[in-house]
Number of protein chains: 2
Amino acid sequence: MTLSEEDYIKAIYHLGKGENTTVSTNAVAEKMDTKPSSVTDMVKKLSEKGVANYKPYKGVSLTEYGQKIALALVRKHRLWEVFLVEKLDFSWDEVHEVAEQLEHIKSEKLVDQLDKHLGFPQVDPHGDPIPSKNGEFKKAVKRLLNDVPIGTSGICVGVKDSSVPFLKFLDKNKIALGDSILVMDKEEFDESLHIKIKENDIHISNQIASNLYLKITE
Amino acid sequence: MTLSEEDYIKAIYHLGKGENTTVSTNAVAEKMDTKPSSVTDMVKKLSEKGVANYKPYKGVSLTEYGQKIALALVRKHRLWEVFLVEKLDFSWDEVHEVAEQLEHIKSEKLVDQLDKHLGFPQVDPHGDPIPSKNGEFKKAVKRLLNDVPIGTSGICVGVKDSSVPFLKFLDKNKIALGDSILVMDKEEFDESLHIKIKENDIHISNQIASNLYLKITE
DNA sequence: ACATATTTTTAGCTTTGTCTAAATATTTTT
DNA sequence: AAAAATATTTAGACAAAGCTAAAAATATGT
């Protein structure tokens, strides 16, 4: 497999969790499923191009220019994910691989028009925020469902308890990853939560809620 | 510039005009803006892979398998062009470059869903037919507007007379490349044509019509 | 049909991204 | 603080796609 400069930039960006952290050659290699020596080579080149800061043995980080490129890639990736889910009926978990390809298409007009076509969405189907054209965005916050205040809305992105009985319970109650959730009320009396999930009103126990992760949208 | 196998397949396909004609190494090189020696190398590889038939000094053609690949690329290219024009408000002449990139995205589901999303279009914005999923399609026919029978519809794709006065005339009468045209009636008396062009009814002289090329849709 | 012109291929070199194995730095352990 | 373990880089080789220049095959003109 032959990787592009953009792939390296993305890997460095994501390993740094969006902050401009310095990451190790090995970490990049592992993430990209390649060898550390290949990373060293590429990172030298990125450094020459003014995309990354690289000090031998000390790791690598993105320059401001490199971060801009990374943000533009994230923006494209997430917009395409929205497109695939909203317009082409892809499911939550099918989009990543295709978006991974689409994000490399080069056309500023394409991205801007796509954004418009989708109604300027704020988050992707996984609840992650979409950077604006000039690279601004708030970081996604992930919380357990029973830890957020009334009125919070977000997207169900994971479970703490992944035992079979719990997953079966979720299935039976039509709760799935990718569903959007709004916390409507909290009932102290029986320790339960009143939520709206994908247009349905349901009640769930705090017990259940404390095993569901929510990526907060608003 | 580094070209992909798919680019070579497309070039061979288009030079052969969709028929399975044998084309010369030089022709491919010229079309792709590369050197004949590079073409020889790649064509050998395509031959080994069962995509092309190649006899040294005798030119190259596509195998059935190669044609399938070519048709799939054409299908993708044209569907994306429709998408760009219909959904993202690209103009007729801006789509090619972007579609050239998009056609290389690999996902069968993506293409099928895109086709559905667009309402299974039969032709692209240039009036060229879109192959079906299994590679069937009728070749586009290009005619002068005054040579087609009443009832013919198609897309305006070119001019015979490209003088400035003629182009100005077209502009003034809101006739542009990419417009869809339906021939409604012919008037022998004053040698004119009654056409519907982009929802507008207009009359034009045979003189004018004999300088406009139509790609026939139906 | 022969000489000339053109086309196409071959041989060898370049570049880019990758890999392995050895060498060098850095970090951790004792 | 020295030894051992780990991380990182360097050196050298490989594969893919491309190019130039020379050689070989085919086509053309008289």
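Chain naming here is simple, since letters A, B, ... match the order of the sequence lines and numbering starts at 1 in each. Computed over heavy atoms, backbone and side chain alike; hydrogens, waters and symmetry mates excluded.
The B:N26 side chain lies nearest to C:dT7 when the options are C:dT7, C:dC19, D:dT9. Of the candidate nucleotides C:dA11, D:dG18, D:dT10, C:dA11 has the atom nearest to the side chain of B:S37. Comparing D:dT10, D:dT26, C:dG17 against the side chain of B:K58 picks out D:dT26 as the nearest.
Computed from coordinates, the A:E48 CD to C:dT16 C1' distance equals 13 Å when rounded to whole Å. The distance from atom CE of A:M42 to atom C1' of C:dT15 is 13 Å, rounded to the nearest whole Å. B:L3 places its CG atom 13 Å from the C1' atom of D:dC19, with the value rounded to the nearest Å. Regarding A:E30, its CD atom lies at a distance of 12 Å from the C1' atom of D:dA7, rounded to whole Å. In this structure, A:M32 places its CE atom 12 Å from C1' of C:dG17, rounding to the nearest Å. Distance B:K35 NZ to D:dG18 C1': 10 Å, rounded to the nearest Å. Taking atom CG on A:D41 and atom P on D:dG12, their separation rounds to 14 Å, with Å as the unit.
Residues A:H77 and A:E81 have side chains that bring a donor and an acceptor to within less than 3.5 angstrom of each other. Checking B:H126 against B:H96 by side-chain atom types alone, no donor-acceptor pair falls below 3.5 Å.
At most 12 heavy atoms of other shown residues, nucleotides or ligands fall within 6.0 angstrom of atom NZ in A:K68. Heavy atoms of other residues, nucleotides or ligands lying less than 6.0 angstrom from CG of B:D33 number 12 at most.
A sub-4.0 Å separation between OP1 or OP2 of C:dT18 and a side-chain N or O of A:S38 is absent. Residue A:T40 places none of its side-chain N or O atoms closer than 4.0 Å to OP1 or OP2 of D:dT10. A sub-4.0 Å separation between OP1 or OP2 of D:dT10 and a side-chain N or O of A:K44 is present. Residue A:Y57 has no polar side-chain atom (N or O) positioned under 4.0 Å from OP1 or OP2 of C:dA23. Taking only side-chain nitrogens and oxygens, A:Y54 never comes nearer than 4.0 Å to OP1 or OP2 of D:dT8. Contact check, A:T25 against D:dT9: a side-chain N or O comes under 4.0 Å of OP1 or OP2.
The residue B:P36 sits close to a base: some heavy atom pair falls under 4.0 Å. Residue A:T2 is in sugar-phosphate contact alone, with no base atom involved, counting any heavy-atom pair closer than 4.0 Å across all strands shown.
Applying the Watson-Crick and G-U wobble criteria (two distances, each under 3.5 Å), C:dT26 pairs with D:dA5.
With DNA chain C read from its 5' end, the first of the two nearest nucleotides for A:P56 and A:M1 is the one closest to A:M1.
A salt bridge is defined here as a Lys NZ or Arg NE, NH1 or NH2 lying under 4.0 Å from an Asp or Glu carboxylate O, and A:E103 with A:R78 fails to meet this definition.
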